[in-house]
Amino acid sequence: MAAFKEIPILDLALARSPDTKPDFLRQLRETLLNVGFLYLKNAGIDQETYDRVCEEGIRFFDLPEEEKLAIEMKNRASFLGYSRLGNEITAHKADWREQLDLSTPHPERLDTDPLYHHLLAPNQWPNPQLLPSFRPVFEDYIARMSKISVFFTSLIAESLDLPASAFDAFFDKDQQHKLKVVKYPDSGEGAGQGVGPHKDSMLTSYLLQASEHKGLQAQNTQGEWIDCPPIRGTLVVAIGQGLEALTGGVCASTTHRVLSPKAGEGARFSIPFFQGVSYDAKVGSSFYSARLICSDRRKQFESMDVPEHVRALRAEILQRQNGRKDDVEFTFVKGRWNHLGEATLMNRVKSHTDVAERWFPDLLKQLREQQARDDTQPVKAF
């Protein structure tokens with residue numbers, strides 16, 4: 001198959017019937033090997049819920065500035081909360097967006113917990129007197145998406161001829177999943193960097209495009225940017241670097257970006273949900289023999305034993321890349337991290353330096369020293 005020119009649409013309803021599930025798994029495998037990006041329809045959430053989530057999310061950005069800043073991200077060490085316009089960095093450049101980061105709820109970190117457990121924390125919610133429906137709507141949506149993401153991951157396993165439960169070992173019982181509510185303003189200067197080229201870091205992410213604007217683009221193996229315009233009633237699913245690592249490179253994690261709205265188009269809104277993986281998982285020593293090992297000593301889970309016939313299909317596709325260099329930094333750098341949580345925390349330090357300056361100055365210093373070293377020597381992927 002040549003480099004993809006459009007994003008496939010998969011119908012999750014097919015996976016819920018024994019008669020049509022084999023066809024769905026075939027489509028899913030083809031998409032995982034060739035694209036790493038897809039539209040998912042009939043995911044299990046009604047259109048009324050989607051619309052309500054979009055309406056509440058857009059309404060958040062109409063709050064007075066002081067109300068948004070009352071829940072600013074740098075108030076806490078969790079990297080949850082509101083980020084001002086231009087406060088996040090991707091590909092060494094400021095993203096032209098403002099956003100609210102939320103997650104499944106967790107208690108505050110104990111002093112005896114690893115430093116990266118700061119990422120597990122309660123949410124900062126907007127004033128309920130101004131947005132009374134916001135919290136219940138988003139708590140409900142996060143709970144629903146958590147179940148959908150785990151179900152979809154089981155289908156990914158089956159499509160690779162693995163047991164449906166193959167990825168279960170990498171989830172905590174109270175697994176944290178994250179969500180962003182994002183506004184890309186119309187700057188009046190034409191399209192620029194809404195979000196720079198990147199790959200999502202964990203297993204899967206699910207984007208609800210909350211306005212009619214184009215802007216999301218995925219990059220194929222020839223380096224071409226393919227538009228992913230909004231399609232009502234769908235989620236855009238991106239395969240993350242964690243899934244690429246666990247499958248030994250079989251599942252493609254696709255580079256994507258967001259362009260700011262063109263002048264005069266008005267603001268673009270989106271609501272991405274990010275499936276999480278246990279922060280306590282241990283990072284192994286190499287990419288193609290990747291290990292994420294459960295911290296419970298009674299259980300050790302190595303990377304998926306993907307069948308050779310599936311690996312061979314992916315190898316054929318990689319050969320057709322003609323050696324094109326992937327410029328996106330891999331999240332899990334060989335030999336650098338012991339736990340997934342350490343890599344994740346450092347990624348957040350890199351993206352939100354204002355939070356890091358307040359809560360993690362030593363890590364920020366370490367990051368800048370590492371970046372200086374990386375500028376002079378190549379980095380191998382995990």
Side-chain angles (χ1 to χ4, degrees), residues 57 60-61 65 67-106 108-109 114-126 176-185 192-202 205 207 240-242 256-258 260 270-274 276-277 279 328-333 336-337 339-372 374:
F60 169 77
F61 295 103
E65 188 72 5
E67 289 291 340
K68 291 186 286 187
L69 293 179
I71 56 170
E72 192 171 14
M73 186 180 284
K74 69 180 182 181
N75 294 344
R76 307 280 180 85
S78 62
F79 292 89
L80 298 173
Y82 171 71
S83 294
R84 307 183 196 211
L85 187 63
N87 248 29
E88 185 169 11
I89 298 169
T90 305
H92 307 289
K93 186 177 178 182
D95 297 325
W96 196 245
R97 63 177 178 173
E98 56 178 310
Q99 61 195 4
L100 176 64
D101 282 60
L102 303 170
S103 85
T104 46
H106 287 78
E108 296 282 0
R109 170 186 175 271
L115 189 66
Y116 55 81
H117 276 205
H118 276 296
L119 299 169
L120 302 170
N123 287 304
Q124 297 192 75
W125 294 103
Q176 183 192 52
H177 306 288
K178 293 183 178 180
L179 176 144
K180 290 179 182 284
V181 187
V182 187
K183 177 182 179 180
Y184 300 93
Q193 175 168 306
V195 179
H198 68 285
K199 297 180 179 183
D200 293 342
S201 61
M202 296 299 187
S205 59
L207 175 67
Q241 294 179 6
H256 51 286
R257 68 182 183 185
V258 178
S260 295
S270 68
I271 302 169
F273 172 92
F274 303 93
V277 180
Y279 291 137
V328 173
E329 181 180 359
F330 203 75
T331 299
F332 313 110
V333 177
R336 187 173 295 176
W337 313 115
H339 294 87
L340 183 63
E342 294 171 340
T344 304
L345 176 58
M346 193 60 85
N347 266 357
R348 300 301 279 166
V349 166
K350 182 191 307 179
S351 299
H352 295 276
T353 55
D354 60 329
V355 181
E357 285 171 352
R358 181 170 183 177
W359 297 99
F360 304 102
D362 291 342
L363 290 185
L364 184 59
K365 179 182 178 183
Q366 177 184 333
L367 172 68
R368 287 170 173 164
E369 291 173 349
Q370 183 65 55
Q371 287 174 331
D374 289 347

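Treat the numbers as computed from the prediction; the structure is a model and nothing was measured. The analysis underlying the following values was restricted to heavy atoms, covering all of them including side chains, and did not include hydrogens, waters or symmetry mates. Numbering of residues begins at 1 and proceeds along the displayed sequence.
Not less than 6.0 angstrom separates the ring centroid of F79 from the ring centroid of H118.
Side-chain contact check for N123 versus S103: some heavy-atom pair is nearer than 4.5 Å. In this structure the side chain of L115 reaches within 4.5 angstrom of the side chain of L363, judged on heavy atoms. Side-chain atoms of L100 and Q124, non-hydrogen and from C-beta on, never get closer than 4.5 Å to each other. Under the 4.5 Å side-chain criterion, counting only non-hydrogen atoms from C-beta, K68 is in contact with F60. No side-chain heavy atom of L120 sits under 4.5 Å from any side-chain heavy atom of S78. Looking only at side-chain heavy atoms (C-beta outward), H117 and E108 stay at 4.5 Å or farther from each other. With contacts defined as side-chain heavy-atom distances shorter than 4.5 Å, the pair Y279/P114 does not qualify. Counting heavy atoms from C-beta outward, L345 and F360 have side chains that approach closer than 4.5 Å.
At distances below 3.5 Å, not a single donor-acceptor pair connects side-chain atoms of W96 with backbone N or O atoms of V195. Looking only at distances, a side-chain donor or acceptor of E342 sits under 3.5 Å from a matching main-chain atom of H339. With hydrogens and angles ignored, the 3.5 Å screen pairs a side-chain donor or acceptor of Q193 with a backbone N or O of K93. Of the possible donor and acceptor atoms, one in the side chain of H198 sits under 3.5 Å from a partner among the backbone N and O of G196. The closest donor-acceptor contact from the side chain of H177 to the backbone of G276 lies under 3.5 Å. Not a single donor-acceptor pair under 3.5 Å links the side chain of D200 to the backbone N or O of Q241. Checking side-chain atoms of E98 against main-chain N and O of P185 turns up no donor-acceptor pair under 3.5 Å. At distances below 3.5 Å, not a single donor-acceptor pair connects side-chain atoms of H352 with backbone N or O atoms of K350. Checking side-chain atoms of D95 against main-chain N and O of G86 turns up no donor-acceptor pair under 3.5 Å. No side-chain donor-acceptor contact under 3.5 Å links R358 to the backbone of A77.
Of all the heavy atoms in F61 and V181, the pair that sits closest is CZ-O, 3.3 Å. Nearest heavy-atom pair, L364 versus T353, reported as atom, atom and distance to 0.1 Å: CD1-CG2, 4.1 Å. Across all their heavy atoms, T104 and Q176 have their closest contact at OG1-CA, 3.0 Å. Smallest separation of non-hydrogen atoms from Y82 and E65: OH-OE2, 4.2 Å. Across every non-hydrogen atom of V182 and K180, the tightest pair is CG2-CB, 3.7 Å. Nearest heavy-atom pair across R348 and K178 is NE-NZ, 4.4 Å.
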Begin from the C-alpha positions of E357 and K74 and carry the test side-chain contact (heavy atoms from CB on, under 4.5 Å) through to its verdict.
CA-CA 9 Å; E357 285 171 352; K74 69 180 182 181; over 6 Å; no

Steps toward side-chain contact (heavy atoms from CB on, under 4.5 Å) verdict (T344, M202):
CA-CA 9 Å; T344 304; M202 296 299 187; 3.3 Å; yes

Could you walk me through whether I89 and S351 satisfy the side-chain contact (heavy atoms from CB on, under 4.5 Å) test, starting with their C-alpha distance in whole Å, then the side-chain angles of each, then the deciding distance to 0.1 Å, before giving a yes or no?
CA-CA 5 Å; I89 298 169; S351 299; 5.5 Å; no

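Counted by atom type alone, S83 and E88 present zero donor-acceptor pairs between their side chains at under 3.5 Å.
Distance check, rounded to the nearest 0.5 Å: CH2 of W125 to CG of L80 gives 10.0 Å.
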